[in-house]
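Report on the following structure.
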Protein chains: 2
Amino acid sequence: MPKRDTICSISVAKYIEQVESFHGYAAPGLIIGGFMVDLAYRHLPQGVLLDAISETETCLPDALQLLTHCTIGNGWLKVVNLGRFAVTLYDPNTGDGIRVYLNPAKLEKWPEIKTWFFKLIPKKEQDTKRLIKQIKEAGSDICDYEKVKVKLNKVAKKHRTSLGICPRCKESYPVADGDVCLGCQGNAPYLIN
Amino acid sequence: MPKRDTICSISVAKYIEQVESFHGYAAPGLIIGGFMVDLAYRHLPQGVLLDAISETETCLPDALQLLTHCTIGNGWLKVVNLGRFAVTLYDPNTGDGIRVYLNPAKLEKWPEIKTWFFKLIPKKEQDTKRLIKQIKEAGSDICDYEKVKVKLNKVAKKHRTSLGICPRCKESYPVADGDVCLGCQGNAPYLIN
(Lines give C-alpha, C1' and ligand atoms only; values in the text may rest on other atoms or scores of the structure.)
Protein backbone atom coordinates (compact mmCIF):
# COMPACT_ATOMS: atom_id res chain seq x y z
CA MET A 1 0.00 0.00 0.00
CA PRO A 2 1.30 3.47 -0.78
CA LYS A 3 2.30 5.52 2.25
CA ARG A 4 0.47 8.50 0.80
CA ASP A 5 -2.51 8.19 -1.46
CA THR A 6 -2.49 11.85 -2.47
CA ILE A 7 -0.10 14.18 -4.26
CA CYS A 8 -0.75 17.86 -3.56
CA SER A 9 -4.29 16.99 -2.42
CA ILE A 10 -5.29 15.04 -5.53
CA SER A 11 -5.32 11.25 -5.59
CA VAL A 12 -2.23 9.54 -6.96
CA ALA A 13 -4.44 7.92 -9.62
CA LYS A 14 -5.80 11.32 -10.70
CA TYR A 15 -2.27 12.76 -10.81
CA ILE A 16 -1.12 9.88 -13.03
CA GLU A 17 -4.09 10.59 -15.35
CA GLN A 18 -2.94 14.22 -15.61
CA VAL A 19 0.62 13.06 -16.30
CA GLU A 20 -0.58 10.81 -19.12
CA SER A 21 -2.63 13.61 -20.65
CA PHE A 22 0.09 16.29 -20.44
CA HIS A 23 3.32 14.34 -20.81
CA GLY A 24 2.03 11.63 -23.12
CA TYR A 25 2.61 8.64 -20.84
CA ALA A 26 3.00 7.76 -17.17
CA ALA A 27 6.74 8.38 -17.01
CA PRO A 28 8.25 6.88 -13.83
CA GLY A 29 10.33 10.02 -13.19
CA LEU A 30 7.24 12.18 -13.33
CA ILE A 31 5.39 10.05 -10.78
CA ILE A 32 8.40 10.32 -8.44
CA GLY A 33 8.40 14.06 -9.25
CA GLY A 34 4.83 14.31 -7.98
CA PHE A 35 5.85 12.87 -4.60
CA MET A 36 8.83 15.27 -4.54
CA VAL A 37 6.69 18.37 -5.12
CA ASP A 38 4.22 17.09 -2.49
CA LEU A 39 7.07 16.64 0.02
CA ALA A 40 8.34 20.18 -0.64
CA TYR A 41 4.89 21.70 -0.10
CA ARG A 42 4.53 19.89 3.25
CA HIS A 43 7.54 21.88 4.51
CA LEU A 44 6.61 25.24 3.04
CA PRO A 45 4.30 27.94 4.39
CA GLN A 46 0.82 27.89 2.90
CA GLY A 47 -0.64 30.81 0.98
CA VAL A 48 2.67 32.07 -0.44
CA LEU A 49 3.05 32.15 -4.23
CA LEU A 50 6.23 30.18 -4.83
CA ASP A 51 8.68 30.03 -7.71
CA ALA A 52 10.29 26.77 -8.82
CA ILE A 53 13.61 25.38 -10.01
CA SER A 54 14.21 22.01 -11.65
CA GLU A 55 17.81 20.76 -11.71
CA THR A 56 17.14 18.56 -14.73
CA GLU A 57 15.37 18.97 -18.05
CA THR A 58 13.87 15.51 -17.77
CA CYS A 59 10.44 14.83 -16.28
CA LEU A 60 10.67 17.09 -13.21
CA PRO A 61 9.77 20.33 -15.06
CA ASP A 62 6.46 18.69 -15.98
CA ALA A 63 5.72 17.66 -12.36
CA LEU A 64 6.23 21.31 -11.37
CA GLN A 65 4.12 22.58 -14.25
CA LEU A 66 1.26 20.20 -13.38
CA LEU A 67 1.26 20.73 -9.61
CA THR A 68 2.24 24.37 -9.17
CA HIS A 69 1.33 27.61 -10.96
CA CYS A 70 4.93 27.76 -12.28
CA THR A 71 5.42 27.13 -16.01
CA ILE A 72 8.21 27.72 -18.52
CA GLY A 73 6.07 30.25 -20.38
CA ASN A 74 5.16 32.35 -17.34
CA GLY A 75 8.76 32.38 -16.17
CA TRP A 76 8.11 31.19 -12.61
CA LEU A 77 9.74 27.85 -13.39
CA LYS A 78 13.41 27.86 -14.23
CA VAL A 79 15.37 24.86 -15.45
CA VAL A 80 18.92 25.11 -14.07
CA ASN A 81 20.40 21.97 -15.56
CA LEU A 82 22.80 20.62 -12.94
CA GLY A 83 22.05 17.02 -13.92
CA ARG A 84 20.64 16.23 -10.48
CA PHE A 85 17.18 14.82 -9.84
CA ALA A 86 15.99 17.67 -7.62
CA VAL A 87 13.37 20.39 -7.38
CA THR A 88 13.24 23.56 -5.31
CA LEU A 89 10.20 25.64 -4.40
CA TYR A 90 10.96 29.03 -2.88
CA ASP A 91 9.53 32.38 -1.92
CA PRO A 92 10.57 34.76 -4.74
CA ASN A 93 10.68 37.69 -2.30
CA THR A 94 13.08 36.18 0.23
CA GLY A 95 14.68 33.23 -1.57
CA ASP A 96 13.75 30.92 1.33
CA GLY A 97 12.73 27.55 0.05
CA ILE A 98 12.79 23.78 0.23
CA ARG A 99 14.89 21.63 -2.05
CA VAL A 100 13.86 17.99 -2.51
CA TYR A 101 16.24 15.51 -4.09
CA LEU A 102 16.32 11.82 -4.80
CA ASN A 103 18.78 10.15 -2.41
CA PRO A 104 20.50 7.27 -4.26
CA ALA A 105 21.43 5.57 -0.96
CA LYS A 106 17.72 5.15 -0.27
CA LEU A 107 17.20 3.21 -3.51
CA GLU A 108 18.84 0.08 -2.05
CA LYS A 109 15.46 -0.90 -0.58
CA TRP A 110 13.79 -0.49 -3.99
CA PRO A 111 15.69 -2.60 -6.54
CA GLU A 112 13.32 -1.95 -9.44
CA ILE A 113 13.57 1.83 -8.98
CA LYS A 114 17.36 1.62 -8.67
CA THR A 115 17.60 -0.49 -11.83
CA TRP A 116 15.44 1.97 -13.76
CA PHE A 117 17.07 5.13 -12.38
CA PHE A 118 20.65 4.05 -13.09
CA LYS A 119 19.64 2.25 -16.31
CA LEU A 120 21.25 -0.98 -15.11
CA ILE A 121 19.36 -3.07 -17.65
CA PRO A 122 18.00 -2.25 -21.14
CA LYS A 123 14.63 -0.48 -21.05
CA LYS A 124 12.83 -3.36 -22.78
CA GLU A 125 13.89 -5.75 -19.99
CA GLN A 126 12.50 -3.43 -17.30
CA ASP A 127 9.42 -4.73 -15.46
CA THR A 128 7.38 -1.52 -15.76
CA LYS A 129 4.44 -2.76 -13.72
CA ARG A 130 6.68 -3.68 -10.79
CA LEU A 131 8.58 -0.39 -11.19
CA ILE A 132 5.43 1.73 -10.95
CA LYS A 133 4.24 -0.37 -7.98
CA GLN A 134 7.52 0.27 -6.15
CA ILE A 135 7.38 3.99 -6.97
CA LYS A 136 3.88 4.24 -5.51
CA GLU A 137 4.90 2.27 -2.42
CA ALA A 138 8.07 4.26 -1.87
CA GLY A 139 6.40 7.67 -2.31
CA SER A 140 8.81 10.31 -1.05
CA ASP A 141 10.74 7.82 1.12
CA ILE A 142 13.48 7.73 -1.55
CA CYS A 143 13.93 11.50 -1.21
CA ASP A 144 15.39 13.94 1.26
CA TYR A 145 14.76 17.64 1.64
CA GLU A 146 16.76 20.60 2.86
CA LYS A 147 16.15 24.25 3.51
CA VAL A 148 17.81 26.51 0.96
CA LYS A 149 18.27 30.21 0.35
CA VAL A 150 17.95 30.82 -3.39
CA LYS A 151 20.25 33.48 -4.87
CA LEU A 152 17.52 35.57 -6.43
CA ASN A 153 19.85 37.37 -8.84
CA LYS A 154 20.77 33.99 -10.38
CA VAL A 155 17.20 33.03 -11.21
CA ALA A 156 15.49 36.40 -11.63
CA LYS A 157 12.77 36.59 -14.25
CA LYS A 158 14.33 38.47 -17.14
CA HIS A 159 12.39 41.52 -18.19
CA ARG A 160 12.15 41.89 -21.93
CA THR A 161 14.45 44.53 -23.30
CA SER A 162 13.49 46.94 -26.03
CA LEU A 163 12.30 45.35 -29.28
CA GLY A 164 13.20 46.50 -32.77
CA ILE A 165 12.70 45.16 -36.27
CA CYS A 166 15.49 43.00 -37.66
CA PRO A 167 16.55 44.61 -40.97
CA ARG A 168 17.15 41.17 -42.47
CA CYS A 169 14.11 39.00 -41.57
CA LYS A 170 11.80 41.94 -40.69
CA GLU A 171 10.68 40.19 -37.51
CA SER A 172 10.81 41.74 -34.04
CA TYR A 173 13.86 41.02 -31.87
CA PRO A 174 15.59 42.38 -28.75
CA VAL A 175 17.82 45.18 -30.05
CA ALA A 176 20.37 44.25 -27.38
CA ASP A 177 21.09 41.13 -29.47
CA GLY A 178 22.92 43.14 -32.14
CA ASP A 179 22.39 44.74 -35.55
CA VAL A 180 20.38 41.74 -36.73
CA CYS A 181 18.49 39.13 -34.70
CA LEU A 182 20.10 35.96 -33.34
CA GLY A 183 18.31 33.95 -36.04
CA CYS A 184 19.90 36.04 -38.79
CA GLN A 185 23.23 35.80 -36.95
CA GLY A 186 23.18 32.11 -37.86
CA ASN A 187 21.66 30.57 -34.72
CA ALA A 188 18.40 29.34 -36.24
CA PRO A 189 18.21 25.54 -36.09
CA TYR A 190 16.49 25.28 -39.48
CA LEU A 191 16.72 26.24 -43.15
CA ILE A 192 13.82 28.02 -44.80
CA ASN A 193 12.54 25.97 -47.74
CA MET B 1 -16.40 38.55 -34.74
CA PRO B 2 -13.29 36.39 -34.70
CA LYS B 3 -12.33 34.90 -38.03
CA ARG B 4 -11.87 31.53 -36.36
CA ASP B 5 -13.78 30.47 -33.33
CA THR B 6 -11.63 27.43 -32.66
CA ILE B 7 -7.98 26.80 -31.82
CA CYS B 8 -6.83 23.26 -32.59
CA SER B 9 -10.48 22.11 -32.60
CA ILE B 10 -11.39 23.52 -29.19
CA SER B 11 -13.34 26.77 -28.83
CA VAL B 12 -11.31 29.92 -28.26
CA ALA B 13 -13.16 30.41 -24.96
CA LYS B 14 -12.24 26.89 -23.81
CA TYR B 15 -8.61 27.45 -24.82
CA ILE B 16 -8.50 30.68 -22.80
CA GLU B 17 -9.88 28.76 -19.79
CA GLN B 18 -7.04 26.24 -20.17
CA VAL B 19 -4.53 29.11 -20.43
CA GLU B 20 -5.85 30.65 -17.20
CA SER B 21 -5.66 27.34 -15.39
CA PHE B 22 -2.16 26.40 -16.57
CA HIS B 23 -0.40 29.74 -17.00
CA GLY B 24 -2.18 31.60 -14.20
CA TYR B 25 -3.87 34.27 -16.32
CA ALA B 26 -5.04 34.93 -19.87
CA ALA B 27 -1.73 36.29 -21.13
CA PRO B 28 -2.17 38.08 -24.48
CA GLY B 29 0.93 36.41 -25.92
CA LEU B 30 -0.45 33.00 -25.09
CA ILE B 31 -3.76 33.68 -26.83
CA ILE B 32 -1.85 34.78 -29.94
CA GLY B 33 0.29 31.65 -29.45
CA GLY B 34 -2.84 29.52 -29.68
CA PHE B 35 -3.72 30.99 -33.08
CA MET B 36 -0.09 30.45 -34.17
CA VAL B 37 -0.10 26.75 -33.27
CA ASP B 38 -3.49 26.37 -34.96
CA LEU B 39 -2.12 28.00 -38.15
CA ALA B 40 0.90 25.67 -38.15
CA TYR B 41 -1.29 22.58 -37.81
CA ARG B 42 -3.43 23.66 -40.75
CA HIS B 43 -0.37 23.38 -42.99
CA LEU B 44 1.02 20.14 -41.58
CA PRO B 45 0.14 16.56 -42.42
CA GLN B 46 -2.29 14.94 -40.00
CA GLY B 47 -1.44 11.87 -38.00
CA VAL B 48 2.28 12.58 -37.68
CA LEU B 49 3.71 13.02 -34.17
CA LEU B 50 5.46 16.36 -34.35
CA ASP B 51 8.20 17.99 -32.28
CA ALA B 52 8.16 21.68 -31.43
CA ILE B 53 10.49 24.66 -31.12
CA SER B 54 9.73 27.98 -29.46
CA GLU B 55 12.04 30.88 -30.34
CA THR B 56 11.24 32.68 -27.10
CA GLU B 57 10.96 31.68 -23.44
CA THR B 58 7.91 33.88 -23.00
CA CYS B 59 4.36 32.59 -23.39
CA LEU B 60 4.81 30.52 -26.56
CA PRO B 61 6.24 27.43 -24.80
CA ASP B 62 2.98 27.23 -22.85
CA ALA B 63 0.84 27.45 -26.01
CA LEU B 64 2.81 24.50 -27.39
CA GLN B 65 2.57 22.55 -24.13
CA LEU B 66 -1.20 23.07 -23.97
CA LEU B 67 -2.01 22.32 -27.61
CA THR B 68 0.50 19.66 -28.61
CA HIS B 69 1.93 16.58 -26.89
CA CYS B 70 5.29 18.38 -26.66
CA THR B 71 6.44 19.47 -23.19
CA ILE B 72 9.72 20.60 -21.64
CA GLY B 73 9.79 17.47 -19.44
CA ASN B 74 9.25 14.97 -22.26
CA GLY B 75 11.86 16.70 -24.42
CA TRP B 76 9.73 17.08 -27.54
CA LEU B 77 9.55 20.84 -27.00
CA LYS B 78 12.80 22.78 -27.24
CA VAL B 79 13.21 26.44 -26.39
CA VAL B 80 15.83 27.90 -28.74
CA ASN B 81 15.86 31.46 -27.50
CA LEU B 82 16.38 33.62 -30.58
CA GLY B 83 14.22 36.42 -29.12
CA ARG B 84 11.69 36.10 -31.94
CA PHE B 85 7.97 35.50 -31.48
CA ALA B 86 7.82 32.28 -33.47
CA VAL B 87 7.01 28.59 -33.17
CA THR B 88 7.93 25.64 -35.37
CA LEU B 89 6.26 22.25 -35.54
CA TYR B 90 8.16 19.59 -37.47
CA ASP B 91 8.44 15.91 -38.25
CA PRO B 92 11.29 14.62 -36.05
CA ASN B 93 12.15 11.98 -38.64
CA THR B 94 12.62 14.28 -41.62
CA GLY B 95 12.94 17.78 -40.14
CA ASP B 96 10.18 19.04 -42.43
CA GLY B 97 8.01 21.53 -40.66
CA ILE B 98 6.09 24.77 -40.54
CA ARG B 99 7.37 27.88 -38.80
CA VAL B 100 4.79 30.51 -37.78
CA TYR B 101 5.92 33.99 -36.74
CA LEU B 102 4.32 37.23 -35.79
CA ASN B 103 4.77 39.72 -38.64
CA PRO B 104 5.24 43.21 -37.14
CA ALA B 105 4.18 44.86 -40.42
CA LYS B 106 0.75 43.30 -39.98
CA LEU B 107 0.26 44.96 -36.59
CA GLU B 108 -0.41 48.36 -38.21
CA LYS B 109 -4.08 47.36 -38.56
CA TRP B 110 -4.24 46.42 -34.87
CA PRO B 111 -3.04 49.41 -32.80
CA GLU B 112 -3.82 47.88 -29.41
CA ILE B 113 -1.82 44.73 -30.22
CA LYS B 114 1.07 46.81 -31.58
CA THR B 115 1.09 49.00 -28.46
CA TRP B 116 1.15 45.94 -26.20
CA PHE B 117 3.69 43.95 -28.23
CA PHE B 118 6.23 46.75 -28.50
CA LYS B 119 5.42 48.04 -24.99
CA LEU B 120 4.75 51.52 -26.33
CA ILE B 121 2.89 52.57 -23.19
CA PRO B 122 3.20 51.43 -19.54
CA LYS B 123 1.32 48.19 -18.81
CA LYS B 124 -1.12 49.89 -16.42
CA GLU B 125 -2.26 52.25 -19.19
CA GLN B 126 -2.98 49.35 -21.55
CA ASP B 127 -6.67 48.75 -22.32
CA THR B 128 -6.62 45.00 -21.71
CA LYS B 129 -10.22 44.41 -22.73
CA ARG B 130 -9.69 46.10 -26.09
CA LEU B 131 -6.36 44.29 -26.52
CA ILE B 132 -7.92 40.85 -26.00
CA LYS B 133 -10.79 41.78 -28.33
CA GLN B 134 -8.33 42.76 -31.08
CA ILE B 135 -6.31 39.57 -30.54
CA LYS B 136 -9.45 37.45 -30.97
CA GLU B 137 -10.51 39.42 -34.05
CA ALA B 138 -7.06 39.27 -35.63
CA GLY B 139 -6.57 35.55 -35.00
CA SER B 140 -3.63 34.39 -37.10
CA ASP B 141 -3.94 37.34 -39.52
CA ILE B 142 -0.99 39.02 -37.77
CA CYS B 143 1.19 36.00 -38.50
CA ASP B 144 2.90 34.45 -41.46
CA TYR B 145 4.15 30.93 -41.98
CA GLU B 146 6.94 29.31 -43.94
CA LYS B 147 8.11 25.81 -44.69
CA VAL B 148 11.34 24.92 -42.90
CA LYS B 149 13.78 22.03 -42.73
CA VAL B 150 14.90 21.65 -39.12
CA LYS B 151 18.54 20.67 -38.58
CA LEU B 152 17.83 17.60 -36.48
CA ASN B 153 21.33 17.44 -34.99
CA LYS B 154 20.81 20.93 -33.50
CA VAL B 155 17.65 20.01 -31.61
CA ALA B 156 18.08 16.29 -31.01
CA LYS B 157 16.71 14.95 -27.74
CA LYS B 158 19.76 14.33 -25.58
CA HIS B 159 20.04 10.82 -24.27
CA ARG B 160 21.10 10.67 -20.67
CA THR B 161 24.70 9.68 -20.22
CA SER B 162 25.93 7.36 -17.52
CA LEU B 163 25.08 8.38 -13.96
CA GLY B 164 27.39 8.13 -10.96
CA ILE B 165 27.30 9.32 -7.37
CA CYS B 166 28.88 12.69 -6.68
CA PRO B 167 31.50 12.13 -3.95
CA ARG B 168 30.68 15.51 -2.42
CA CYS B 169 26.85 15.75 -2.24
CA LYS B 170 26.20 11.98 -2.64
CA GLU B 171 23.52 12.66 -5.24
CA SER B 172 23.41 11.10 -8.69
CA TYR B 173 24.90 13.10 -11.58
CA PRO B 174 26.09 12.55 -15.16
CA VAL B 175 29.70 11.40 -14.79
CA ALA B 176 30.53 13.29 -17.99
CA ASP B 177 30.12 16.50 -15.96
CA GLY B 178 33.39 15.91 -14.10
CA ASP B 179 34.75 14.56 -10.81
CA VAL B 180 31.94 16.21 -8.87
CA CYS B 181 28.50 17.31 -10.05
CA LEU B 182 27.80 20.73 -11.56
CA GLY B 183 26.09 21.76 -8.31
CA CYS B 184 29.23 21.00 -6.29
CA GLN B 185 31.29 22.76 -8.99
CA GLY B 186 29.62 25.97 -7.81
CA ASN B 187 26.72 26.26 -10.23
CA ALA B 188 23.88 25.78 -7.74
CA PRO B 189 21.76 28.94 -7.53
CA TYR B 190 21.20 28.56 -3.77
CA LEU B 191 22.92 28.15 -0.43
CA ILE B 192 21.94 25.25 1.83
CA ASN B 193 20.69 26.56 5.18
Side-chain angles (χ1 to χ4, degrees), chain A residues 22-24 27 30 53 55 57-63 65 69 71-75 79-86 88 90 95 97 99 101-105 117-119 146-151 154-155 160 163 165 169-174 177 181-183 187-193, chain B residues 22-24 27 30 53 55 57-63 65 69 71-75 79-86 88 90 95 97 99 101-105 117-119 146-151 154-155 160 163 165 169-174 177 181-183 187-193:
Chain A
F22 183 65
H23 188 83
L30 199 32
I53 297 169
E55 292 182 35
E57 288 176 337
T58 311
C59 286
L60 295 184
D62 285 1
Q65 293 189 114
H69 71 296
T71 71
I72 290 292
N74 69 23
V79 176
V80 180
N81 195 354
L82 303 176
R84 300 194 295 200
F85 205 74
T88 298
Y90 66 96
R99 175 178 186 265
Y101 57 99
L102 187 141
N103 182 342
F117 187 73
F118 285 102
K119 292 189 175 178
E146 58 196 2
K147 288 186 181 180
V148 293
K149 185 91 174 174
V150 173
K151 298 172 188 171
K154 298 267 185 194
V155 289
R160 205 180 67 178
L163 289 187
I165 304 293
C169 67
K170 316 291 185 206
E171 292 181 44
S172 60
Y173 80 112
D177 285 349
C181 77
L182 291 176
N187 297 326
Y190 47 78
L191 299 170
I192 294 162
N193 278 350
Chain B
F22 183 65
H23 187 82
L30 199 32
I53 297 169
E55 292 183 32
E57 289 176 337
T58 311
C59 286
L60 296 183
D62 285 0
Q65 293 189 114
H69 71 295
T71 70
I72 290 292
N74 69 22
V79 176
V80 180
N81 195 354
L82 302 176
R84 298 194 295 198
F85 206 75
T88 297
Y90 66 97
R99 175 177 185 263
Y101 57 97
L102 187 141
N103 182 342
F117 188 74
F118 285 101
K119 292 191 177 177
E146 58 196 1
K147 288 186 182 181
V148 293
K149 186 90 172 173
V150 173
K151 299 172 188 171
K154 299 265 184 196
V155 289
R160 204 179 66 176
L163 289 187
I165 305 292
C169 67
K170 316 293 184 205
E171 293 181 44
S172 60
Y173 81 112
D177 286 348
C181 76
L182 291 177
N187 297 326
Y190 48 77
L191 300 170
I192 294 162
N193 278 350

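Since the model is a prediction, treat every value here as computed from it, not as a measurement. Just so we're on the same page: letters track the sequence lines, and every chain starts at 1.
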Checklist outcome for this item: Answer key: most heavy-atom pairs under 4.5 Å with chain A among B:L182, B:L82, B:D177, B:V155 is B:L82
Checklist outcome for this item: Residue from B:E57, B:H23, B:K147 scoring the most non-hydrogen pairs under 4.5 Å with chain A is B:H23
Item to check | Working for side chain to side chain contact (heavy atoms under 4.5 Å, CB included), residues B:Q65 and A:F22 | outcome: CA-CA 8 Å; B:Q65 293 189 114; A:F22 183 65; 3.9 Å; yes
Next on the checklist: So, taking the atom named CD in B:E171 and the one named CG in A:N103, what distance separates them when rounded to the nearest 0.5 Å?
Outcome noted: 7.5 Å
Does any backbone or side-chain atom of [X] lie under 4.5 Å from a heavy atom of chain A? Answer side chain, backbone, both or neither.
X: B:V80; value: side chain
X: B:K170; value: backbone
X: B:E55; value: side chain
X: B:H69; value: backbone
X: B:L30; value: neither
X: B:N187; value: both
X: B:L191; value: both
X: B:A188; value: both
X: B:K151; value: both

When [options] are compared by non-hydrogen pairs under 4.5 Å with chain B, the top option:
options: A:C59, A:S172, A:G24; answer: A:S172
options: A:L102, A:T88, A:T71; answer: A:T71
options: A:A86, A:P61, A:G83; answer: A:G83

Checklist outcome for this item: Tested for side-chain hydrogen bond (donor to acceptor under 3.5 Å, both in side chains) against B:Y190, the lone hit among A:E146, A:R99, A:K154 is A:R99
Checklist entry - Taking all non-hydrogen atoms of both residues, which atom of B:R84 and which atom of A:C181 are closest, and how far apart? => result NH1-SG, 3.3 Å
